[in-house]
Protein chains: 2
Amino acid sequence: MTQQAERTRRIPLSRDRVLAAAVALADEVGIEALSMRRLAQELGVVPMALYKHVASKEELLDGMVDALVSEIDPPVRDAGWKNAVRLRVLSARRALLVHRWGRQVLESRTNKTPAVLGYMDSFIGMFLAGGFSVDLTHHVMHALGSRMWGFTQELFDDSAGGSAEGPVTLPPEAQAAMSREMAARYPNLLKVATASAHKDSVVGQGCDDQFEFEFALDLLLDGFERLHRQGWTSTPEETPTPTAS
Amino acid sequence: MTQQAERTRRIPLSRDRVLAAAVALADEVGIEALSMRRLAQELGVVPMALYKHVASKEELLDGMVDALVSEIDPPVRDAGWKNAVRLRVLSARRALLVHRWGRQVLESRTNKTPAVLGYMDSFIGMFLAGGFSVDLTHHVMHALGSRMWGFTQELFDDSAGGSAEGPVTLPPEAQAAMSREMAARYPNLLKVATASAHKDSVVGQGCDDQFEFEFALDLLLDGFERLHRQGWTSTPEETPTPTAS
DNA sequence: ATTGACAAGTGTACGACGTACACCTAACGT
DNA sequence: ACGTTAGGTGTACGTCGTACACTTGTCAAT
């Protein structure tokens, strides 16, 4: 009976269970609060037990990235390169919006896991299948950069408003004073910040991140299309002069 | 005499001296090896002494970013928005190539310091001065993203070759086997990786990062120019359909 | 049934890290 | 001469990743 009871309440750990728990925990409490100790606790186990299933925290993070990548849809078939790329990037973005730690972790990873390489390979494949030259594909992949994962460096995180200043909220007069400060010191920043604030279709705060993302993505894709159509082969006017200094 | 001697060999610390030392140390040993303890040691001082000049490590990093930003050239006057933006971005990039920790630290910072805000403000100013609408400027800034700082997410860090595998170097047969593995599993990736390897103008390894950066930058700038010329006002065909799901 | 190998989980411990807090000390305005 | 105070010290706490030696629980071969 003790055996039975213990067996029911303690399913043995496994790499997959550890990774799943890590993903869930990071989703819930954020990546900066994900420690081996905390994760072990969540699994009802002593910290060192995890090391029987993952070699190190680095490997844990790699595994989490793999889990994330596996949630990205495969390329849509017979949709044309542009649509295929577009849909895939947006699928990746959806995965990243669910797992908000993804951006940071993806950025930090330097060792590419097979899953990551596989994604990149198949991504490249979309361009080649679309008739892009190997060279143009190469450049185009660089131009996409992290956008291929569905994210970009967020420039206007929460800034430019000055609402949440840590745990303490400033008194209203201080806020007003700060706004005046800002207006005086950063007039241009203020212009674009306030302009984007009172758009109609905006739900939450400053600006519609999804719109901005798709705007830039489409701008790039259109550029790619133009280069491709004119049969790109490193024409002089497209080649930037490599600045020596 | 003791006073004199001590005075000469111990110039009192100051915020600027701390920041300068931090920058120098990070340049030398890398950002991940920059700890308050190590920095204090470098300055011949006990760790806690630093906290008399810097509130926390976070603030130290902010200060380092400020130092970095101050190395970026101011906008060139009367050169047209496109050239002004281009030159400024490349100037930022040069600063980041000197301080290789810049990318990571800039990415991690969520609190924008006055220097950072100032840079952004003046950056925005270049577009507005070029006749861009506030709206278009806003989108364009998002599209640039981290490229405004002169960097992009590096996708092909060292990968795709499999040369340096940590401290241990693999025996040649193992490397060959791995290459064959790669070729079978990631044919597309291999194609673009090898193609970029035997370009003539390439100096170091896989591909010319500077070229790739400028390629993508110019692609974006050309896109901006086109939108600007046709008097962008959110025309329907440019507006991406916001995917609900 | 006994053994003994092996995988899974435990416990203790170490050396980093950031930093709170109390203390000392030397320079300076009064 | 004296109190204030800015700059530097020392000790200590809690957190982190993880090395290493250990118990335990399970199953195959005897």
Side-chain angles (χ1 to χ4, degrees), chain A residues 1-22 25-26 29-65 101 104-105 108-111 166-168, chain B residues 1-22 25-26 29-64 101 104-105 108-111 166-167:
Chain A
M1 184 178 139
T2 31
Q3 275 194 4
Q4 189 80 349
E6 277 185 5
R7 212 180 271 196
T8 39
R9 85 168 151 87
R10 186 187 291 266
I11 303 146
L13 248 44
S14 71
R15 192 182 149 86
D16 283 350
R17 239 165 67 76
V18 169
L19 291 180
L25 185 55
V29 302
I31 194 67
E32 68 288 339
L34 174 72
S35 67
M36 296 303 270
R37 295 170 132 99
R38 175 77 192 267
L39 177 56
Q41 183 185 319
E42 215 75 13
L43 285 162
V45 117
V46 97
M48 288 310 292
L50 301 175
Y51 287 87
K52 285 277 145 63
H53 302 98
V54 292
S56 62
K57 189 176 184 181
E58 290 281 288
E59 207 203 84
L60 179 82
L61 292 173
D62 282 345
M64 290 171 70
V65 167
W101 44 268
Q104 204 175 136
V105 176
S108 74
R109 238 83 291 280
T110 162
N111 290 337
V168 215
Chain B
M1 186 178 139
T2 28
Q3 272 192 9
Q4 188 82 349
E6 277 186 4
R7 212 180 270 193
T8 41
R9 86 166 151 86
R10 187 188 288 271
I11 304 147
L13 248 46
S14 71
R15 191 182 151 87
D16 282 350
R17 240 165 67 75
V18 169
L19 290 180
L25 185 56
V29 302
I31 193 69
E32 69 287 338
L34 174 73
S35 66
M36 295 303 269
R37 294 168 131 100
R38 177 78 193 267
L39 176 57
Q41 183 185 318
E42 216 74 15
L43 285 162
V45 117
V46 97
M48 287 309 293
L50 302 176
Y51 287 88
K52 284 278 149 62
H53 302 96
V54 155
S56 63
K57 188 176 187 184
E58 288 282 288
E59 208 203 83
L60 179 82
L61 293 173
D62 282 346
M64 292 172 67
W101 44 268
Q104 205 175 134
V105 176
S108 74
R109 239 83 290 281
T110 162
N111 289 339

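By convention in this document, chain letters (A, B, ...) are assigned in the order of the sequence lines, proteins followed by strands, and residues within each chain are numbered from 1.
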Exercise for the section: Calculate the interatomic distance between L61(A) atom CG and dG17(D) atom P; express it in whole Å. Expected result: 10 Å
Problem - Close residues, residues 50-57 of chain A, relative to DNA chain C [heavy-atom separation under 4.0 Å] - result: K52(A), H53(A)
Practice task
For E59(A) and dT18(D), give me the distance from atom CD to atom P, rounded to whole Å.
Solution key: 11 Å
Practice task
Scan V105(B), V18(B), I31(B) and name whichever one has a side chain to side chain contact (heavy atoms under 4.5 Å, CB included) with M64(B).
Solution key: I31(B)
Problem - Whole-Å gap separating C1' (dC16(D)) and CD (E32(B)) - result: 17 Å
Fill in the blank from the handout: What one should report as the nearest heavy-atom pair of E32(B) and V29(B) is OE2-O, 3.7 Å
Problem - side chain to side chain donor-acceptor pair (under 3.5 Å) pairs, two or more places apart, involving residues 55-65 of chain A - result: R15(A)-E59(A), E58(A)-R109(A), D62(A)-R109(A)
Practice task
Please state how far atom CG in L13(B) lies from atom C1' in dA26(C), giving the value in whole angstrom units.
Solution key: 16 Å
Exercise for the section: Take the protein atom CZ of R17(A) and the nucleotide atom P of dA8(C), then report the distance between them rounded to whole Å. Expected result: 13 Å
Practice task
Please report the shortest heavy-atom distance between A26(B) and L34(B), naming the atom on each side.
Solution key: CB-CD2, 4.4 Å
Problem - Heavy-atom closest pair, residues L43(B) and A21(B) - result: CD2-CB, 3.7 Å
Exercise for the section: Give the angle between the helix axes at the two ends of the helix from dA1(C)-dT30(D) to dT30(C)-dA1(D), taking five base pairs at each end and rounding to 10°. Expected result: 10°
Completion exercise
Separation of dT19(C) atom P from M36(B) atom CE, nearest Å, is 6 Å
Exercise for the section: Take atom CZ of R37(B) and atom P of dC16(D), then tell me their distance rounded to the nearest Å. Expected result: 16 Å
Exercise for the section: Under the salt bridge (charged side-chain N to carboxylate O under 4.0 Å, His left out) rule, collect the residues that match up with R37(B), sequence neighbours excluded. Expected result: none
Handout entry: d(CE, M48(B); C1', dA22(C)) in whole Å
Key = 11 Å
Less than 3.5 Å apart, which donor and acceptor atoms pair up between the side chains of residues 45-55 of chain B and the rest of the protein, not counting sequence neighbours?
none

Problem - Greater than 12 external heavy atoms within 6.0 Å of E42(A)'s CD - result: yes
Handout entry: R38(A) and L25(A), any side-chain heavy atoms less than 4.5 Å apart
Key = yes
